[in-house]
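Encoded as structure tokens, the structure appears first; notes follow it.
No experiment lies behind these values; they were computed from the predicted model shown. Atoms within a ligand are numbered from 1 in the order they appear, just like the ligands themselves.
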Amino acid sequence: MKPITIPIFCSVLTSIAAAFECTSSAFQAILPSNASVAFAYTLPANSTFQVPAGDIAYPTSPTQLQALCVVQLNVTSSPSSAFSFGLFLPVDWNERFLAVGNGGFAGGINWLDMSAGVGYGFAAMSTDTGHNSTSSDITWALNEPEKKIDFGYRAMHGSIVMAKQVVEAYYGCKPKYSYYSGCSTGGRQGLKNIQLYPEDFDGVLTGAPAWWTSHLQTWTVKLALYNLPNTSAHHIPPALFPAIGAQVLKQCDPQDGLVDSIISDPQRCDFFPEALLCGANVSNQTAQGCLTAAQIGTLYHIYNDYVETNQTFVFPHLELGSEAQWPVLFGSYEPNSLGFEYVQYFLLNNPDWNFYDFNYSIVELADKIQPGNATANDFDLSPFYQRGGKLLQYHGLADALIATGSSIYFYKEVLKTLLPKGIELDSWYRFFLVPGMQHCSGTPTDINAPWYFAGANQAGALNTAVHSVPGFSDAKHDGLLALMAWTENGTAPDSIVATKWHNDTLTDTVLRQRPLCPYPKQATYRGHGSPDEAGNWVCEYLYNVNAQYD
Ligand SMILES: *[C@@H]1O[C@H](CO)[C@@H](O)[C@H](O)[C@H]1NC(C)=O
Ligand SMILES: *[C@@H]1O[C@H](CO)[C@@H](O)[C@H](O)[C@H]1NC(C)=O
Ligand SMILES: *[C@@H]1O[C@H](CO)[C@@H](O)[C@H](O)[C@H]1NC(C)=O
Ligand SMILES: *[C@@H]1O[C@H](CO)[C@@H](O)[C@H](O)[C@H]1NC(C)=O
Ligand SMILES: *[C@@H]1O[C@H](CO)[C@@H](O)[C@H](O)[C@H]1NC(C)=O
Ligand SMILES: *[C@@H]1O[C@H](CO)[C@@H](O)[C@H](O)[C@H]1NC(C)=O
Ligand SMILES: *[C@@H]1O[C@H](CO)[C@@H](O)[C@H](O)[C@H]1NC(C)=O
Ligand SMILES: *[C@@H]1O[C@H](CO)[C@@H](O)[C@H](O)[C@H]1NC(C)=O
Ligand SMILES: *[C@@H]1O[C@H](CO)[C@@H](O)[C@H](O)[C@H]1NC(C)=O
Ligand SMILES: *[C@@H]1O[C@H](CO)[C@@H](O)[C@H](O)[C@H]1NC(C)=O
Ligand SMILES: *[C@@H]1O[C@H](CO)[C@@H](O)[C@H](O)[C@H]1NC(C)=O
Ligand SMILES: *[C@@H]1O[C@H](CO)[C@@H](O)[C@H](O)[C@H]1NC(C)=O
Ligand SMILES: [Ca+2]
């Protein structure tokens, strides 16, 4: 039996607000014994929040903040672990709570994403997930099972629960709505939280979720091994990646129906990699931008799903069009540390493990142990649906850090789990693919795809002062505002218009805008008018989708 609670909203209790002082002692007085105040102070309007020197994961200081109270709390989570979280409590509060996520295996408070949230007026929270490291460093996890659990889910949920209590004490009333926005690991954190604690949020915005920890991290090793060792005939030096990307663009850009430098439908592109084959007279392969037959074989591995014996599906392939970001994931020496350090420090607790010893048994072991219970693979999201939650997911089609197909797979698994139970997804869970967008933000300069819609990490990718979509701060262009309109007013997002500025840093003049569509619909050019204007596109089903789904 759940206790019956009657929430007290600010609208009936405004006089109590502002009674709470933004000081360490005031916060300390309301905290349980497992929490302590690291610091608390006010910042006047238009200030810079100076990120503490020790915060190596998120060192960038947000600027031009609205007037607010900033507080950092430390919380004990077990006899051998603790986490911290930061809160921005704006004077001009929108009566809502927002939690933001992390990236990679970062241990640090994401002050920059908090600042994008506080720009709307949210009381904004981020947790350090219980350790201190940059996003690519997993050495902290060695023989630290409690820290792994904090990273997996405990620090996020513990921070949400305590932050909401602090918000209520500070303003004198509960937040009317609670939201979440995170990308990559932040996407995983959002999904994991929905799965374990469906009551925490009314609406969740989840980007490029790193949800399948046990397979994603191990695939990161597998993928790099396709291209190693660098002395082998099948090795493709990264200097040749641009030539591959150019050939993919040449073939796949027109196949979506419009030559616009954007590959809108890589999954339907019939790519012919042999077009890259070198002829007999190779004087300088890099300059000629061609591949040997053995190297073409490596391309087949990269562009095909990781499948084990008996067609066991392990992880989806990288998309055609993701080549510009390949060097972040693999290259000429070793896998990305997010792969091999996961095996060394998170899974095996053995720093001496050699990534050349990788085989499928590592994936099976990861599935069995699930260190930290980080993997967010409970596809039965019905408790979140039943409490009235809204879930908005997106993934860039040019993402080479987390294969786009893992989001498609997740969506389909949820569909397969819930439709047979009589729960359709369209009324509460929508998923948007973002043509030309790389991991969470950005687009290659020769692609210039519209990628900005105020998703997690995106504001910080422009500059340190921005929030929402400059010039287009509405639910049609801003993913978080779209989620709010859906959650609070029932206005479902039939599309989200993404923006590309001439100069993203300045957000001055728009180069292109184009709608993103709820999967499996796709944006289709109407055939007249500028393709750079969103109004000349419609969201349509291009596949045969059965009537029930439609
Ligand atoms: C809070 O945690 C941070 C990060 O671990 C640490 O630097 C700081 O000393 C702690 N402060 C208190 C008051 O415990
Ligand atoms: C806010 O600060 C910036 C510099 O950080 C300054 O350019 C701007 O004029 C200030 N705005 C207001 C309203 O004071
Ligand atoms: C995090 O670790 C770095 C060393 O890697 C250290 O310089 C920094 O002070 C630490 N930060 C905190 C908050 O403990
Ligand atoms: C901290 O203590 C409170 C009160 O005893 C408890 O409800 C909460 O679960 C604890 N938080 C953590 C992260 O252990
Ligand atoms: C091979 O290519 C080089 C430079 O591209 C050229 O100078 C040479 O004549 C070519 N040889 C043959 C046999 O085609
Ligand atoms: C091959 O071509 C690349 C790219 O044009 C150039 O950087 C490199 O110096 C060339 N190598 C040789 C051996 O000519
Ligand atoms: C593959 O499938 C066959 C037939 O079902 C089964 O006998 C065999 O054990 C399977 N192999 C693996 C590695 O799962
Ligand atoms: C090739 O790999 C070896 C290690 O196997 C490394 O020492 C070397 O730097 C690599 N070469 C390049 C060009 O990355
Ligand atoms: C996988 O690697 C482990 C450890 O190196 C080894 O013991 C095992 O035999 C390998 N399994 C296969 C199927 O190659
Ligand atoms: C991890 O998840 C499993 C399965 O849901 C559960 O049995 C186990 O208690 C969890 N472990 C932790 C540390 O939360
Ligand atoms: C809900 O609709 C009202 C009336 O149109 C509007 O004022 C409000 O901003 C909307 N709320 C959200 C979160 O979109
Ligand atoms: C965008 O504008 C900034 C500030 O003027 C400048 O530093 C940067 O080089 C510009 N970027 C591009 C791609 O033009
Ligand atoms: Ca195209």
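In summary, the atoms of ligand 1 found under 4.0 Å from a heavy atom of Val37, numbered by their order in the structure, are 13 (C). Heavy-atom proximity to Ser84, at under 4.0 Å, picks out these atoms of ligand 1: 2 (O).
Taking 4.0 Å as the cut-off between side-chain N and carboxylate O, Arg387 and Asp202 count as a salt-bridged pair.
Taking the six-membered ring for Trp, Tyr226 and Trp219 have ring centres at least 6.0 Å apart. Here Phe384 and Phe201 keep their ring centres 6.0 angstrom or further from each other. A distance below 6.0 Å separates the ring centres of Phe88 and Trp111.
Inside a 4.0 Å radius of atom 7 (O) of ligand 1 there is not any protein heavy atom. Put simply, atom 2 (O) of ligand 1 has protein non-hydrogen atoms near it, under 4.0 Å away.
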(request) Evaluate side-chain contact (heavy atoms from CB on, under 4.5 Å) for Leu480 paired with Leu392, printing each intermediate quantity in order. (result) CA-CA 9 Å; Leu480 190 52; Leu392 215 156; over 6 Å; no
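In terms of protein heavy atoms, atom 5 (O) of ligand 9 is closest to Asp357 O, 4.2 Å. For atom 9 (O) of ligand 3, the closest non-hydrogen atom of the protein is Gly54 CA, 3.7 Å. The closest protein non-hydrogen atom to atom 14 (O) of ligand 9 is Asn359 ND2, 3.2 Å. The closest protein non-hydrogen atom to atom 12 (C) of ligand 1 is Asn74 ND2, 3.1 Å. Counting protein heavy atoms only, atom 10 (C) of ligand 3 is closest to Asn132 ND2, 2.5 Å.
Taking the ring centre of Phe151 as origin, the terminal cationic atom of Arg188 falls inside the region bounded by 6.0 Å and 45° from the ring axis. Stacking of Lys148 on the aromatic ring of Phe346 is recorded, both the 6.0 Å distance cut-off and the 45° axial limit being met.
Note: no N/O pair closer than 3.5 Å links Asp55 and ligand 3 by distance alone.
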